[in-house]
Amino acid sequence: MSMTTFSSVQLAASAELVRLAAVIADKVEDGTLFEAGIYSRKELAEVLRRVTAVVSAPASKTFDDLPLATCSLSIEERAKWINVLDPLLKYAGRPGDWGRESKLGLLTQRLLQVRQELTQGEVKEGGTA
């Protein structure tokens, strides 16, 4: 049986829906729900379990949810990052120059966001507001 992969799809579901899908999978496998037709009960149960696993998996974090770094950055490290980003941002210009919904436009937006976070952290750590 060729199973569709749902790993890239995140579906919103209640705990009750997940529980219900698991119960159905058990009933299909043990034969109490119905007799299998084209697919075996085990295959149908496996499909339901895979769907249940995807539905109950936590959603991926968005870029905005991620920390700047997983460790604390020193003022010197922040300055080095800014010095590397500035020439790239000078070339990139504004996100709209490349099209906001293009890869280069999105990259420019993210680079500007990271640079701003680097600068804000420098101000906070430097003790001036």
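As the structure is a prediction and not an experimental result, all values here were calculated from the model.
- Residues passing the side chain to side chain donor-acceptor pair (under 3.5 Å) test with T70, sequence neighbours excluded: none.
- Closest approach of R78 to E117, counting heavy atoms only: NH1-O, 3.5 Å.
- Summarising the geometry of E77 relative to S72, their closest heavy-atom pair is OE1-O, 3.8 Å, with the distance given to 0.1 Å.
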Practice task
For V114 and F63, run side chain to side chain contact (heavy atoms under 4.5 Å, CB included): C-alpha distance rounded to whole Å, both residues' side-chain angles, the deciding distance at 0.1 Å, then the answer.
Solution key: CA-CA 10 Å; V114 168; F63 185 84; 3.8 Å; yes
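- In this view, L89 and L85, L111, L112, R115 satisfy the side chain to side chain contact (heavy atoms under 4.5 Å, CB included) rule, not counting sequence neighbours.
- Partners of R94 under the salt bridge (charged side-chain N to carboxylate O under 4.0 Å, His left out) rule, at least two apart in sequence or in another chain, are D97.
- Hydrophobic cluster membership differs between L104 and V84, with clusters built from Ile, Leu, Val, Met, Phe, Trp and Tyr side chains linked at under 4.5 angstrom.
- Side-chain N or O atoms of W98 include one that pairs as donor or acceptor with a backbone N or O of A92 at under 3.5 Å.
- When the side chain to side chain donor-acceptor pair (under 3.5 Å) test is applied to R110, the partners found at least two apart in sequence or on another chain are D64, Q113.
- Residues passing the side chain to side chain contact (heavy atoms under 4.5 Å, CB included) test with W81 are L118, sequence neighbours excluded.
- Taking every heavy atom of both residues into account, Q109 and R100 meet most closely at NE2-O, 3.3 Å.
- Scanning both residues, G99 and S102, for their nearest heavy atoms gives O-OG, 2.6 Å.
- The side chain to side chain contact (heavy atoms under 4.5 Å, CB included) search around D65 returns K61, T62, not counting sequence neighbours.
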